[in-house]
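Counting starts at 1 for both ligands and their atoms, in listed order.
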Amino acid sequence: MSETLDLIKMTSDAASEFEIALGSVRANPTPDAVEALRLLFIGRKGKVTLLMEGLRHASKEQRPIAGKTINTLKQQIEEAMSSLKEASANWALDEKLKQTPLDISLPIDHMAPQGSLHPVSLMRRELLREFRRLGFSVFDGPEADFDFYNFSALNIPEYHPARDMQDTFYLREQPNLLLRTHTSNIQIHCMLNERPPLRIVAPGRVFRCDSDPTHTPMFHQIEAFVVDKNISFGHMKGVIDSFMKAIFGSSMKTRLRPSFFPFVEPGAEMDLQCVQCSGKGCRLCKNTGWLEVGGCGMIHPNVFESVDYDTDTWSGFAFGFGIDRMAMLKYKLTDLRPMFEGSYSYLGQFSRYT
Ligand code: DAH
């Protein structure tokens, strides 16, 4: 009986000792302190382990009572130890961070792969640089625009096939609202807002319902136009030739072929000497030696009238070329579609041009 009482008394002493020790280890839960605490109480020679062993000497009747008391304490200690273990892991992490502070301001370029500009951005950047050198200013216009700016004011009558639903994306929100089919709409916005003389360049996205290796429903054009006194077809040819040579090399030849666009008169198609065969004839140029890049011409008097410019005073030229088309020719690309699919490996090829 007295041994059992002793055991219970010793257990309650051990419990108080543990409480005190736990308090100090919790305050500073180093892994060593946690392990020492564990050994002191529930290790092989620990106080509670020894109490368990002492049960052997207790009488048969008293053993369960003392056993239960000791066991309860053991469980409490085990629970406390497992939460201490967690605290100790956090403590270790804190210590590590204190020793090797994380400098979030360090550059990460040694870890991240180097990005590059999109071929269209590269091409546009080069074109704009050249146009600025020639004294042009950049102007912008809306991608979703009214019929008036995209068609009517550009002398494209209502029955013109370009307005066909199959080519043009019309917007449901409002009648007469559409996604611009060319950057020529910017001519109208600009001319209505500014007075001549004008030397404007306007790159932008355009939209047509079309998709094959050389056509995507969204693509890029660059529009340029000049309005001044006594502007001639020769001025236009000079500007086109000059920037094409700047981009494709000084030996690059260009040619103008008569063509029709409602907003110019006379109108022409601009061809670039084939970049692959230098004019000898190959598959890319379909053996013609020439590649089509865009349209141009002298601004039609009806266009000037729709923006209220005096046609006796002012004359001008305009042209609109495909930026993507020029990028394909410059970077020797055969398919236009992957340009707009965002594939990292495809786009990564252009880093050497950046
Ligand atoms: N807007 C025409 C197109 O997308 C291209 C064009 C032709 C623009 C003649 C012009 C031009 O400024 O004068 O097909």
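Listed by first then second residue, pairs satisfying ring pair (Phe, Tyr, Trp, His ring centres under 6.0 Å) with a partner in residues 274-303 number zero, not counting sequence neighbours. Applying the ring pair (Phe, Tyr, Trp, His ring centres under 6.0 Å) rule to pairs touching residues 32-55 yields Phe18-Phe41, sequence neighbours excluded.
For Arg337, the salt bridge (charged side-chain N to carboxylate O under 4.0 Å, His left out) partners at least two apart in sequence or on another chain are Asp335.
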Item checked: salt bridge (charged side-chain N to carboxylate O under 4.0 Å, His left out) between Glu126 and Lys330, worked out -> CA-CA 11 Å; Glu126 264 201 62; Lys330 172 136 190 173; 3.2 Å; yes
Considering only N or O atoms, set out every pair between ligand 1 and the protein closer than 3.5 Å, with distances to one decimal place.
{"unit_1": "ligand 1", "atom_1": "1 (N)", "unit_2": "His182", "atom_2": "ND1", "d": "2.9"}
{"unit_1": "ligand 1", "atom_1": "1 (N)", "unit_2": "Ser184", "atom_2": "OG", "d": "3.0"}
{"unit_1": "ligand 1", "atom_1": "4 (O)", "unit_2": "Arg208", "atom_2": "NH2", "d": "2.8"}
{"unit_1": "ligand 1", "atom_1": "4 (O)", "unit_2": "Gln221", "atom_2": "NE2", "d": "2.9"}
{"unit_1": "ligand 1", "atom_1": "12 (O)", "unit_2": "Gln187", "atom_2": "NE2", "d": "3.3"}
{"unit_1": "ligand 1", "atom_1": "12 (O)", "unit_2": "Glu223", "atom_2": "OE2", "d": "2.7"}
{"unit_1": "ligand 1", "atom_1": "12 (O)", "unit_2": "Phe319", "atom_2": "N", "d": "3.4"}
{"unit_1": "ligand 1", "atom_1": "13 (O)", "unit_2": "Ala318", "atom_2": "O", "d": "3.0"}

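Between the side chains of Asp271 and Thr254, not a single donor N or O lies within less than 3.5 Å of an accepting N or O.
Note: Phe350 and Tyr331 have perpendicular aromatic rings, judged against thresholds of 30 and 60 degrees for the angle between ring planes.
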